[in-house]
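Each chain gets a letter, A, B and so on, in the order its sequence line appears, and its residues count up from 1.
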Protein chains: 2
Amino acid sequence: MFKYELIKEEKDTGARLGRITTDHGVIETPIFMPVGTQATVKSMDVHDLETMGAQIILGNTYHLYLRPGQEIMEKAGGLHSFMNWQHPILTDSGGFQVFSLGDLRKITEEGVHFVSHLDGSRHFMSPEKSIEMQNSIGADIIMCFDECAPADADYDYTKKSLEMTSRWAARCKAAHKRPDEQALFGIVQGGMFKDLRAQSAREITAMDFPGYSIGGLSVGESKEIMYEMLSHTVPLLPEDKPHYLMGVGSVDALFEGVIRGIDMFDCVLQTRIARNGTAMTSQGKVVVRNATYAEDFSPLDPECDCYVCRNHTRAYLRHLIKCNEILGARLLTYHNLYFTLRIMEKIREAIKNDTLLALKEEVFQKYGITS
Amino acid sequence: MFKYELIKEEKDTGARLGRITTDHGVIETPIFMPVGTQATVKSMDVHDLETMGAQIILGNTYHLYLRPGQEIMEKAGGLHSFMNWQHPILTDSGGFQVFSLGDLRKITEEGVHFVSHLDGSRHFMSPEKSIEMQNSIGADIIMCFDECAPADADYDYTKKSLEMTSRWAARCKAAHKRPDEQALFGIVQGGMFKDLRAQSAREITAMDFPGYSIGGLSVGESKEIMYEMLSHTVPLLPEDKPHYLMGVGSVDALFEGVIRGIDMFDCVLQTRIARNGTAMTSQGKVVVRNATYAEDFSPLDPECDCYVCRNHTRAYLRHLIKCNEILGARLLTYHNLYFTLRIMEKIREAIKNDTLLALKEEVFQKYGITS
């Protein structure tokens with residue numbers, strides 16, 4: 001089952017409070033989804049994800065297709081069972097990863113031929129193949145196989161690309177074998193061209209998907225352009241369906257996206273910078289690796305009540321990161337995800353109280369974001 | 001404070017049930033101590049160590065001397081506070097690591113000049129310097145700075161080495177500034193020569209330390225020789241003091257050591273093989289990395305009730321290890337330490353019931369050890 005309820009729209013913005021119900025549980029929106037590329041949110045176990053309050057996590061079809069592969073995923077009974085995460089999961093289509101392979105892939109109308117980044121083996125991914133793999137993975141929310149055009153793609157390329165993405169969306173819908181258990185989202189493309197975004201939104205929404213994603217943003221364009229494209233595109237999506245902005249999750253983009261009517265976000269930023277030794281805090285980013293924290297025995301974020309901030313100092317975390325200790329990556333990952341999930345919680349509360357713009361101003365000021 | 005109580009000796013063996021009381025808590029012996037080299041048991045947080053039932057962990061003075069260094073360790077208020085582990089800690093003297101540096105160190109009567117394996121910087125470690133650093137770290141149990149002679153050292157070298165170790169032990173005792181809070185153990189050396197072991201035991205025990213370590217074993221000699229040296233050496237130690245066999249922790253050696261009167265063990269085996277993808281189970285070692293486990297949806301160890309065995313399959317763990325995911329190393333580390341601590345628990349129970357040899361036979365048979 002899949003149900004989206006729009007609970008409330010904020011007074012002064014386009015922000016929406018909502019609720020998604022799936023077979024594996026309820027998701028309060030707007031929500032940030034930690035990315036669990038290879039059947040694990042890097043360094044986190046499922047208990048960590050539960051205690052930090054993750055409502056839904058993301059899996060990457062491209063990676064799971066290569067390892068452990070479709071056969072093992074099916075024998076395991078799907079990703080929920082394979083990784084023992086009994087809450088909602090969303091999978092991407094594999095398209096973004098395949099297109100990122102650059103010279104290692106060739107796009108045709110039928111699908112994409114590509115070479116594995118792991119062992120050079122040759123593969124073919126098509127709308128049908130992507131859906132088949134996503135049916136095996138069994139996520140509660142799955143994505144159409146789309147082409148994500150680069151930020152600098154010209155008008156003609158982008159137009160042809162979005163039109164192929166529309167044809168692929170129809171093939172994905174036709175190929176989908178488990179529509180009652182897995183909600184297939186359509187993806188709106190169209191690059192940085194407003195009329196193409198409109199064309200894509202028109203073609204994709206005409207197919208009546210249970211939810212809609214906005215793809216092809218945060219691919220190299222400026223934040224101003226991204227926000228402008230969002231302001232233009234979100235109003236073209238049905239109000240009674242969830243709106244998912246793919247691959248975006250910086251603190252400013254979370255607020256700006258929500259304000260423009262986005263309900264769902266995912267991003268590897270939180271986990272990636274954690275492994276490099278950078279923490280997101282209420283006072284802005286803290287590069288824990290830096291020498292300045294060597295003798296700083298205060299918590300990472302004085303306003304945070306997560307396990308890491310309650311138990312460890314910046315000096316200890318810096319030591320772990322400097323020594324390349326696994327625990328350093330792990331503790332910072334936990335904190336960064338916790339921090340982001342708390343922001344989403346505050347955002348939901350602010351929408352309830354019609355105080356989102358005030359919250360944004362407060363958070364941006366402390367975090368050091370100029371808007 | 002430091003107190004050792006010998007509770008009971010097993011009927012048919014030299015095994016001892018005991019209790020060590022320190023300022024940071026009580027340790028039931030015989031015990032295995034997880035190794036936390038750089039102020040972290042690799043990939044484990046302190047909550048993991050608590051839930052697995054670790055009573056005491058080990059820190060390495062050499063590593064902590066280089067990073068974070070003595071000044072930060074002091075400002076942090078010692079290792080307990082630095083890593084927020086509020087239970088007992090033991091530190092080695094740094095001697096073993098320094099001597100392992102090979103060409104990068106030069107031994108004199110005064111101490112050892114060495115070059116850091118990290119950045120090539122030059123350092124000097126002496127008995128006084130080691131104790132000073134260990135006083136700053138503040139572990140409940142600390143070690144004399146000794147020379148650990150290689151397994152193939154000849155009689156003359158070994159004799160001169162143990163005599164220097166005895167002189168160093170006296171210097172360590174004299175240099176120790178916190179004897180009321182930190183128990184300084186003497187270390188018996190003497191290589192594979194029984195009369196030299198006897199000489200070392202005589203010289204070291206004459207100095208009346210609160211506990212005694214046996215060093216210089218498991219350095220390349222056969223297990224038979226190690227057990228023979230233990231059978232010869234342990235009886236030379238005072239009965240009313242704890243006996244610590246340094247750097248040893250394989251399943252067979254834990255039993256054979258306990259049977260010969262050893263109370264304390266530490267080893268990096270459990271955590272190192274975990275990171276390489278090998279699990280210790282009641283049925284013997286399982287090389288989870290192997291393809292044979294790709295579709296094995298049973299738990300790592302059917303007899304284990306740890307978090308990992310209750311929640312995850314061999315197929316999932318193999319996938320994580322194959323993908324070099326941090327979580328794979330982490331889950332196997334947790335299991336291997338849990339498994340070893342449960343063995344020690346069973347050993348203590350068996351000593352209580354005078355059934356240690358029966359337990360040994362049962363465990364060895366299932367684990368596949370021929371004794």
Side-chain angles (χ1 to χ4, degrees), chain A residues 36-49 51 63-64 66-69 71-77 79 81-86 118 271 274-275 293-297 299 307-308 310-313 315-331 333-334, chain B residues 36-49 51 63-64 66-69 71-77 79 81-86 118 271 274-275 293-297 299 307-308 310-313 315-331 333-334:
Chain A
T37 297
Q38 303 189 112
T40 162
V41 175
K42 289 194 187 304
S43 84
M44 296 290 94
D45 68 20
V46 292
H47 184 250
D48 294 330
L49 295 170
T51 63
H63 291 89
L64 296 172
L66 294 178
R67 292 188 303 201
E71 193 183 333
I72 291 175
M73 193 52 76
E74 283 197 348
K75 287 184 177 165
L79 183 57
S81 164
F82 186 59
M83 68 181 290
N84 195 25
W85 170 254
Q86 303 302 343
L118 295 170
T271 46
R275 295 196 302 282
Y293 302 113
E295 301 186 6
D296 183 342
F297 298 106
Y307 173 80
V308 182
R310 279 187 287 110
N311 286 284
H312 295 297
T313 63
Y316 181 56
L317 295 168
R318 180 197 183 248
H319 165 74
L320 294 176
I321 292 288
K322 285 292 287 181
C323 292
N324 289 318
E325 283 287 353
I326 288 175
L327 185 59
R330 182 182 155 192
L331 294 177
T333 297
Y334 188 92
Chain B
T37 299
Q38 302 189 113
T40 161
V41 176
K42 289 194 186 304
S43 83
M44 295 291 94
D45 68 21
V46 291
H47 183 251
D48 294 330
L49 295 169
T51 64
H63 291 88
L64 296 172
L66 293 179
R67 292 187 303 202
E71 194 184 331
I72 290 176
M73 193 52 76
E74 284 198 348
K75 286 183 177 166
L79 183 56
S81 164
F82 186 60
M83 68 182 289
N84 194 24
W85 170 254
Q86 302 302 344
L118 295 171
T271 45
R275 295 195 303 281
Y293 302 114
E295 301 186 7
D296 184 341
F297 298 106
Y307 173 78
V308 182
R310 280 187 286 109
N311 286 284
H312 295 297
T313 64
Y316 180 58
L317 295 167
R318 180 198 183 247
H319 164 74
L320 295 177
I321 292 288
K322 286 291 286 181
C323 292
N324 290 317
E325 282 286 354
I326 288 175
L327 185 59
R330 182 182 155 190
L331 294 177
T333 298
Y334 187 92

Checklist entry - Counting only heavy atoms not in A:Lys42, do more than 12 sit closer than 6.0 Å to its NZ atom? => result yes
Cut-off 4.5 Å, heavy atoms of chain B, and the answer for A:Phe82 is both
Q.
Does any part of the side chain of A:Met83, heavy atoms only, come nearer than 4.5 Å to the side chain of B:His319, both counted from C-beta?
A. no
If one checks every heavy atom of B:His47 against chain A at 4.5 Å, the contacting part turns out to be both
Between B:Ala39 and A:Tyr316, the two heavy atoms sitting closest are O-OH, 2.5 Å
Honestly, the part of A:Arg275 sitting under 4.5 Å from a heavy atom of chain B is side chain
Okay, A:Asn324 and chain B: the region with an atom under 4.5 Å from a heavy atom over there is neither
Value for CG (A:Asp45) from CG (B:Asp48), rounded to nearest 0.5 Å, stands at 7.5 Å
For a 4.5 angstrom cut-off between non-hydrogen side-chain atoms, does B:Asn84 reach A:His312? yes
Between B:Ser43 and A:Arg330 the two heavy atoms that sit nearest each other are O-NH1, 2.8 Å
Between B:Glu295 and A:Ile72, the two heavy atoms sitting closest are CG-CG1, 3.8 Å
Given B:Val41, B:Thr37, B:Asn311, B:Leu320, the one with more heavy-atom pairs under 4.5 angstrom with chain A than any other is B:Asn311
Okay, A:Gln38 and chain B: the region with an atom under 4.5 Å from a heavy atom over there is both
So SG of B:Cys323 and CG of A:Leu118: to nearest 0.5 Å the spacing works out to 7.5 Å
